[in-house]
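Report on one structure; see the data block that follows.
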Amino acid sequence: MEYNELFARTELLIGREAMQSLAGKKVILFGVGGVGSWCAEGLVRSGIMHLTIVDSDKVAIANSNRQLPATTQTIGELKVEVLKKRLREINPFATINAIPEIYSADSAPSFRLEQYDYVIDAIDSLSHKTHLLTTASESGATVFSSMGAALKIDPQQIRVAEFWKVRGCKLASALRERMRKGMKPQKPILCVYSEERLSNKGKEALTDADEKGSFRKAQTNGTMVQVTAVFGFTLSGLVIQDIMKNGNSGNQSPFF
């Protein structure tokens, strides 16, 4: 098996120079749940060769309806480790760095965001998300972010907009409110979002829906894979399109 065989259909579409650029970029992804796990898959299947994935959570039964690492065989395992194994099976030439930690104001310096070309935010915690977006915007990296993907069912309503222009998303509104009172992003950040706003109907399932994650959510909301996966794939698409648009290969890849 050769590297070029794995990505022949991609190279056929975008060309050898773009493939070399993809292979040379370094990407860090925070959160590998319903959105982030599919983003990671999209990145690696597209030819990204240097990916760091960050998430402290373990696979829970309630993840099974939408998260790539979640199967009946992986319950209780670290999501980043399950995902790393899968991504390495897709592309054994890729460097996948799995970090089972929480991003926070305290841990932020350890991630050394300045060493990455792209920072992708797919985390849920409002405070951590606010800090990540403002801090990452001060680095040299290009930043992409996922807004709220819960309480939605129609993938045709998913959109992309600059952070301050996102409309109809409660998470984006809450983030902007915090940022107006404190730190603000220092450069534009494209976000994936949807204006669709449904409500939970099956409240009798609330107890089973608890995923016992790294932080306590103010409210547990319903989510479905046809929305979260499209959010994730859209994020990966933004990275790929940006690399193609801006050219230059970055780090020299040994595969070309």
Side-chain angles (χ1 to χ4, degrees), residues 29-41 53-83 100-105 107 120-133 145-159 163 166-179 191-235:
L29 167 62
F30 291 91
V32 293
V35 172
S37 59
W38 300 101
C39 177
E41 174 115 346
I53 49 178
V54 183
D55 197 310
S56 63
D57 284 344
K58 295 180 179 180
V59 177
I61 296 176
N63 298 150
S64 301
N65 78 318
R66 71 199 185 283
Q67 298 190 14
L68 188 59
T71 71
T72 56
Q73 304 302 308
T74 60
I75 303 302
E77 297 182 33
L78 285 165
K79 292 179 185 179
V80 290
E81 292 297 340
V82 175
L83 190 56
E101 297 179 13
I102 299 174
Y103 177 92
S104 67
S107 67
I120 307 175
D121 155 49
I123 57 180
D124 295 328
S125 166
L126 190 59
S127 60
H128 299 341
K129 198 176 191 77
T130 302
H131 192 278
L132 175 59
L133 292 179
S145 177
S146 170
M147 296 294 104
L151 296 176
K152 306 174 194 306
I153 200 170
D154 183 4
Q156 295 183 82
Q157 295 193 47
I158 296 171
R159 303 287 183 268
F163 173 71
V166 172
R167 297 291 178 263
C169 175
K170 287 186 175 181
L171 177 56
S173 296
L175 286 167
R176 288 195 292 262
E177 184 177 351
R178 282 190 172 224
M179 290 176 180
C191 301
V192 182
Y193 75 103
S194 169
E195 294 186 25
E196 184 179 18
R197 299 172 74 168
L198 303 178
S199 58
N200 290 316
K201 295 182 178 180
K203 294 184 179 180
E204 56 273 12
L206 190 59
T207 300
D208 292 332
D210 185 5
E211 297 170 345
K212 299 178 176 62
S214 300
F215 64 94
R216 187 171 184 82
K217 297 181 180 180
Q219 181 178 335
T220 300
N221 291 313
T223 47
M224 295 189 72
V225 71
Q226 72 267 26
V227 170
T228 65
V230 174
F231 265 62
F233 284 133
T234 302
L235 281 172

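We count residues from 1, following the sequence as given. Values in this document were obtained by computation on a predicted structure and should not be read as measured data.
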- [ ] Report the C-alpha distance between V80 and V54 in whole Å, list the side-chain angles of each, state the deciding distance to 0.1 Å, and finish with yes or no for side-chain contact (heavy atoms from CB on, under 4.5 Å).
- [x] CA-CA 7 Å; V80 290; V54 183; 5.9 Å; no
TODO: List the steps, then state whether side-chain contact (heavy atoms from CB on, under 4.5 Å) holds for V225 with N65.
DONE: CA-CA 6 Å; V225 71; N65 78 318; over 6 Å; no
- [ ] Could you please spell out the steps behind the side-chain contact (heavy atoms from CB on, under 4.5 Å) verdict for H128 and F30?
- [x] CA-CA 10 Å; H128 299 341; F30 291 91; over 6 Å; no
Open item on the list: Using side-chain contact (heavy atoms from CB on, under 4.5 Å), reason through L235 and S146 one step at a time and then give a plain yes or no.
Closed with: CA-CA 7 Å; L235 281 172; S146 170; 3.8 Å; yes
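Annotation for D154 and Q156: closest pair OD1-N, 2.9 Å, computed over non-hydrogen atoms. The nearest pair of heavy atoms linking G36 to L29 is O-CD2, 3.2 Å. Y103 and H131 make their closest contact through OH-ND1, 2.8 Å (heavy atoms, listed as atom of the first residue, atom of the second, distance). Taking every heavy atom of both residues into account, L126 and R178 meet most closely at CD2-NE, 3.3 Å. When all heavy atoms are compared, the tightest approach of P69 to T74 is O-OG1, 2.7 Å. Counting all heavy atoms, side chain and backbone alike, A122 lies closest to V35 at CB-CG1, 4.2 Å.
Here the side chain of N221 pairs no donor or acceptor atom with the backbone of L151 at under 3.5 angstrom. Judged by distance alone, with hydrogens and angles left aside, the side-chain atoms of E41 form no donor-acceptor pair with the main-chain N or O of L68 at under 3.5 Å. The main-chain N or O of Q67 is never found under 3.5 Å from a side-chain atom of S37 such that the two would form a donor-acceptor pair. Side-chain N or O atoms of N200 include one that pairs as donor or acceptor with a backbone N or O of G222 at under 3.5 Å. A donor-acceptor contact shorter than 3.5 Å links the side chain of S104 to the backbone of S107. Between the side chain of R197 and the backbone N or O of S194 there is no donor-acceptor pair closer than 3.5 Å.
Atom-to-atom distance recorded for L198:CG and I153:CD1 is 7.0 Å, nearest 0.5 angstrom. Annotation: the span from T130 atom OG1 to M179 atom CE amounts to 5.0 Å, rounded to 0.5 Å. Note that the CG atom of N63 and the CD1 atom of I75 stand 7.0 Å from one another [nearest 0.5 Å]. Interatomic distance, L175 CG to C169 SG, rounded to the nearest 0.5 Å: 8.0 Å. We find the CG-CG distance between D55 and L78 to be 9.0 Å, quoted to the nearest 0.5 Å. Between the CZ atom in R167 and the OH atom in Y193 there is a gap of 8.5 Å [rounded to 0.5 Å].
Qualifying salt bridge (charged side-chain N to carboxylate O under 4.0 Å, His left out) partners for E81, counting only residues two or more places apart in sequence or in other chains: none. For K129, the salt bridge (charged side-chain N to carboxylate O under 4.0 Å, His left out) partners are D121, not counting sequence neighbours. With sequence neighbours left out, the salt bridge (charged side-chain N to carboxylate O under 4.0 Å, His left out) criterion links E177 to K181.
Side-chain atoms of T223 and R66 form a donor-acceptor pair, as typed in the model, at a separation below 3.5 Å. Between Q157 and K152, the side chains place no donor N or O within less than 3.5 Å of an acceptor N or O (distance only, hydrogens not considered).
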